[in-house]
Amino acid sequence: MLAEVALPLPLFRTFTYAVPERLRHPLVPGSRVVVPLRTGKEVGIYLGPGDPRSLGSAAPKAILDAPDAEPSVTPALLAVCRWIADYYIVPLGVALRCALPALLTGAAAPEPAQRTRRVATVRRHLESLLHRERIFGRAPQQRALFELLESFGGRAAVDHLTERMAFSPSVLKGLVARGLVEVRDEIVARDPFASRAGSATPPVPSAEQRAAVEAIAAGRGGETFLLHGVTGSGKTLVYIELLRQVLARGRGAIVLVPEIALTPQTVDRFRGAFGDQVAVLHSALSDGERYDAWLALRRGEKRIAVGARSAIFAPVADLGAVVVDEEHESSYKQGESPRYHAREVAIVRARAEGAVVVLGSATPSLESWTNAASGKYRLLTLPERVGGARLPAVDVIDLRVGIPRSTLDAPRLPDPSVERGALTVEGVLSRELQLALADRIEKGEQSILLLNRRGYAAYVQCNNCGDVATCPNCSIALTYHRTPEQLVCHYCLHTEPPRVKCARCGGPTLRQRGLGTQQVERILAERFPAARIARMDVDTTGAKWAHTEILDRVARGEVDILLGTQMIAKGLDFPNVTLVGVIDADTGINLPDFRASERCFQLLSQVAGRAGRGPKGGRVLIQTRVPTHHAVRCAVRHDYGAFVGEELPSRMAPAYPPAVRLANVVISGTDETATAELAQKAATWVERLLARAPGDAVRLVGPAPCPVERIKQRWRWHFLLKAERPAELTRVARYFLERFAVPKRAGLRVALDRDPVALL
DNA sequence: AGCACGCCGACT
DNA sequence: GTCGGCGTGCTC
C-alpha cells in the first residue's frame with residue numbers, strides 16, 4: 001500500500017511512501033503524516049493512494065506516524081491549497097504549510113498555549129539613602145535601573161526595560177548577581193483584544209443597510225458581492241447583521257481586515273456584537289495561542305474568525321460567509337511565496353464551502369469593479385453616510401503657485417524642496433491649513449494630518465556636488481531620521497550615523513530635502529505649542545500595541561492633532577475629527593507603477609473619509625502640486641465613478657490589469673552582470689517558447705532592471721508576462737518555472753509574482 | 001529549503 | 001598531516 005504525500009519543499013512534485021501495517025490513526029486525505037526524508041523527519045500531508053510508477057527504482061520508505069485523529073486539512077481547504085499551488089505556481093506542500101498554524105507544521109506535539117514573559121522583580125528593598133550609596137557606589141546604571149524598577153512598583157517586563165528603556169542586559173545581570181533583583185518567567189495572557197469590550201448595543205440598520213444584508217444573506221453558495229459604500233456609510237453594520245443571520249443558521253464566518261492592529265475599532269465592534277464567539281487572529285499571538293484559536297474554530301466552539309490575510313485559512317466549521325473589508329488594500333497580497341491574494345483565495349474557498357463572499361470598500365480595486373460591471377460579482381451600493389452625516393467638503397490648495405483657491409489671502413509658498421536647511425511652517429503648511437488647524441484647536445475639535453513619508457527628511461544631498469546619501473545594500477536614498485538621529489534605508493533597514501561631510505567630494509554642507517512626519521511634528525509643535533500632537537507611523541508604533549494606545553488616546557480626546565502616514569487613513573471613526581489635512585498629496589503619484597494613480601486616489605478618499613463623521617461635520621484640505629491630476633480631482637468630488645472612468649482607459653494601452661492578467665518574473669542575484677545575463681537568457685527562453693505557440697495568448701514585456709534595481713545587496717531584473725486568459729498565463733509560467741534551469745551560482749534566483757500588487 | 005558529500009587553504 | 005570553507009546535487 002502506497003501513499004502520496006505533499007512535503008513543504010520547493011519542489012514541484014509529491015512523494016510516495018509505504019503505508020505501514022499499523023498506524024496510530026487512519027489516513028484520510030488532509031491528515032498530517034510524519035515521514036523520513038534523507039536523514040531526518042518531515043511533516044507532510046497525506047493526499048491519497050500513491051502511484052507505484054512515480055517511485056524510482058528505490059524501495060519506498062515507510063510513513064513513521066499519523067499523529068492526528070482528524071485530518072488537519074479539511075477537504076475544502078485541501079481544494080483551496082490545490083488551487084493556490086496551481087494558480088500561483090508554488091509546490092502544494094508550500095501552500096499547505098501556510099494554511100496551517102506553525103505548531104502543526106513541526107513534528108512536535110502541539111502544547112497548550114502559554115505565553116511566558118521574563119519579569120524582573122525587586123527582591124531586596126533598600127531603606128536608607130546611605131545604604132544605597134554604599135551598595136551602588138560606582139554603578140550608576142545599576143542604581144538607575146533599580147530605582148526605575150521601584151518606580152514601576154517593584155516589577156517590570158525585562159524586554160520593556162531593555163528595549164523601551166534602553167538598559168543593557170548586563171546591567172540587569174549585575175543586579176541579579178547581587179541578589180537585589182530576581183528574573184522569572186511568568187505566564188501571561190495578555191491579549192489586548194481579549195479585554196477590549198465592544199460597544200454594547202449596535203445601531204439599528206438603515207433601510208439601505210438592511211436591503212444589502214438581505215440580498216447577501218439570500219445569496220447562493222459561492223456568490224460574490226461587491227459592497228460599494230462611501231466612507232461612513234456603515235459597511236461594518238452590514239457585515240454584523242449578515243453574520244447574525246449566518247450564525248442563526250448554525251454556520252460560521254471569516255472576516256478579513258487589512259491589518260488588525262490598525263483597525264481596533266472594527267475588531268471591537270465584532271467583539272461587541274458576538275462576544276466570545278469571535279476568535280481574533282492577530283500577529284501578536286504566540287504559536288500556542290494561535291493553535292488554541294485554531295482548535296476552537298475547528299471544534300465549532302468559536303464561529304467567527306477575524307483577522308488579517310492568513311485568517312482566510314481559519315478552520316471555521318461550516319463556513320457560511322466570508323467578508324473582505326477594504327478589499328482594495330494591498331496588504332491582502334502576500335509578499336513572499338506563496339504570493340497569494342487573500343481576496344481571491346476567499347472567493348475560491350467560499351465556492352468550495354458554499355459560502356457567500358462580501359467584498360467591501362469605498363474605493364474598490366479596479367479588478368473588483370470590472371468584475372462587478374461584467375456581472376461576475378453582484379454590486380450593492382450604500383451611497384449615503386449613515387445618520388444623516390454628509391461627506392466632508394474637500395478643498396485643494398495648489399502648492400505650485402502658492403495661491404489658495406479660496407478667499408483667504410496667503411503669502412506665496414516656497415517649494416519645500418528648495419528651502420535651505422530646516423523647513424519653516426510656511427514651507428509646509430499653507431496659511432489656510434494653519435488657520436483651519438488653529439480654529440479646530442480653539443474649538444476643542446480634532447484634526448488628522450496625513451503625510452505619507454516617515455522620517456525627518458526624505459534624503460540628504462551634498463550642497464557642493466549634488467551627491468545623495470544612498471544605502472550600501474540598495475539603490476535607494478537613505479532617509480534622515482532625527483530621533484534617534486541616523487540615516488535609515490526603508491527597504492533593508494540599514495542604519496548609519498548621520499554624515500558630517502559629503503561621502504563623495506567631502507563637501508561640508510549637506511542639505512536635508514523633502515519632508516517626513518518627524519519634521520512636520522516638529523513644525524506643528526513650534527506653530528501650535530499648546531496643541532497635543534500625536535504622531536503615528538511605523539517608527540512610533542514599533543512596540544506591539546502602540547497603535548491601539550495612540551488611537552485610544554485620540555478616542556479619549558487627549559489628542560488635538562493626529563499626524564501620520566497612510567496608517568491613519570484606514571477605518572478610523574472619530575466623530576470629533578472635523579478637519580483632515582493632506583500635507584502633500586503628490587507623494588507616490590509619480591512612482592513608476594501602473595497602480596500609482598489608483599493608490600493615490602484610494603488614499604485621498606480614505607483619509608478624507610475620516611472627517612465629518614459626527615454631527616459637527618467636517619472639512620478636508622489637500623495640498624498638492626498636481627491639482628489637475630484625476631486622482632486628486634475625483635477624490636475632491638468623492639467621485640469614484642469618475643475616477644474609474646478616467647483611469648480604466650489608461651490601463652488599456654499599454655495593457656495593465658484589469659485589462660490583462662499579469663505575472664512579474666523577478667531575477668535576482670548578488671552579481672550585477674550575472675543577474676542581467678540570466679534575465680536576458682530567461683526572457684529569450686520564454687520568447688522562444690511563446691514563438692512555438694500560435695497567436696499571442698501570452699505576451700512578454702522586458703526584461704529590464706527593476707525600478708529599484710538593488711535591494712539588500714541583490715541586483716534585480718524583471719520581465720512581465722501578460723495574458724487575457726488566466727489559464728494561458730498559468731501554462732506558460734508553470735512550464736517556465738519547471739523547465740528553465742537557474743544556475744546555482746552568484747545567489748541567482750527566479751521568483752514569479754502572479755497578479756502583482758506593485759511592480760516596485 | 002536543508003543537508004550531506006566532496007575537493008582546496010591555514011592551523012596544530 | 002587535519003579542520004573546515006562553501007560549491008553542487010538530491011530528497012520517496
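All heavy atoms count here, side chains included; hydrogens, waters and symmetry mates do not. Here is the naming used below: chain letters follow the sequence lines, and residue numbers restart at 1 for every chain.
Looking at heavy-atom distances under 4.0 Å, A:Pro8 makes no contact with the nucleic acid at all. When heavy atoms are screened at a 4.0 angstrom cut-off, A:Leu7 is found touching no nucleic acid atom at all. Residue-level contact check: A:Thr14 touches neither bases nor backbone, having no heavy atom under 4.0 Å from any strand.
Screening A:Arg309, A:His341, A:Arg339 for a side-chain hydrogen bond (donor to acceptor under 3.5 Å, both in side chains) with A:Gln334, the sole residue that qualifies is A:Arg309.
Bounding nucleotides for the chain A contact on DNA chain C, 5' to 3', at a heavy-atom distance below 4.0 Å, are C:dT8 to C:dC12. Taking every nucleotide of DNA chain B with any atom under 4.0 Å from a non-hydrogen atom of chain A, the first and last of them, 5' to 3', are B:dA1 to B:dA4.
Checking side-chain atoms of A:Thr105 against main-chain N and O of A:Arg97 turns up no donor-acceptor pair under 3.5 Å. Put simply, the side chain of A:Tyr17 gets close to the backbone of A:Pro36: a donor and an acceptor are under 3.5 Å apart.
Near-neighbour residues of DNA chain C inside residues 734-746 of chain A, defined by a heavy atom below 4.0 Å, number-ordered: A:Lys744. Of the residues in residues 19-31 of chain A, not one places a heavy atom less than 4.0 Å from an atom of DNA chain C.
Here A:Arg351 pairs with A:Ile347 under the side-chain contact (heavy atoms from CB on, under 4.5 Å) rule; sequence neighbours left out. Partners of A:Cys489 according to the side-chain contact (heavy atoms from CB on, under 4.5 Å) rule, which considers only residues two or more places apart in sequence or in another chain, are A:Cys471, A:Cys474, A:Ile476, A:Leu478, A:Tyr491, A:Cys492, A:His494. Residues meeting the salt bridge (Lys or Arg N to Asp or Glu O under 4.0 Å) test with A:Glu496, sequence neighbours left out: A:Arg499. Remark: A:Asp287 pairs with no residue by the salt bridge (Lys or Arg N to Asp or Glu O under 4.0 Å) rule, at least two apart or across chains. Residues meeting the salt bridge (Lys or Arg N to Asp or Glu O under 4.0 Å) test with A:Glu326, sequence neighbours left out: none.
Note on A:Arg343 versus A:Glu367: no salt bridge recorded, every NZ/NE/NH1/NH2 to OD/OE distance being 4.0 Å or above.
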Contacts under 3.5 angstrom, residues 714-721 of chain A side chains, donor-acceptor by atom type, not counting sequence neighbours:
| residue | atom | partner | partner atom | Å |
| --- | --- | --- | --- | --- |
| A:Arg714 | NE | A:Ser668 | OG | 3.3 |
| A:Arg714 | NH1 | A:Gly747 | O | 3.4 |
| A:Arg714 | NH2 | A:Ser668 | O | 3.3 |
| A:Arg714 | NH2 | A:Ser668 | OG | 2.9 |
| A:Arg714 | NH2 | A:Gly747 | O | 2.7 |
| A:Arg716 | NE | A:Val708 | O | 3.4 |
| A:Arg716 | NH2 | A:Leu760 | O | 3.4 |
| A:His718 | ND1 | A:Ala704 | O | 3.2 |

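Contact between A:Leu281 and A:Ala314 at its shortest, heavy atoms only, is CD1-CB, 4.1 Å.
Applying the ring-ring contact (aromatic ring centres under 6.0 Å, His included) test to every pair with at least one member in residues 42-88 of chain A, sequence neighbours left out, gives these pairs: A:Trp83-A:Tyr87, A:Trp83-A:Tyr88. Applying the side-chain hydrogen bond (donor to acceptor under 3.5 Å, both in side chains) test to residues at least two apart or on different chains, the pairs with a partner in residues 728-743 of chain A are A:Arg725-A:Glu728, A:Glu728-A:Arg731, A:Thr730-A:Arg754, A:Arg734-A:Glu738.
Each of A:Leu11 and A:Thr39 was matched to the nucleotide of DNA chain B holding its nearest heavy atom; the match closer to the 5' end belongs to A:Leu11.
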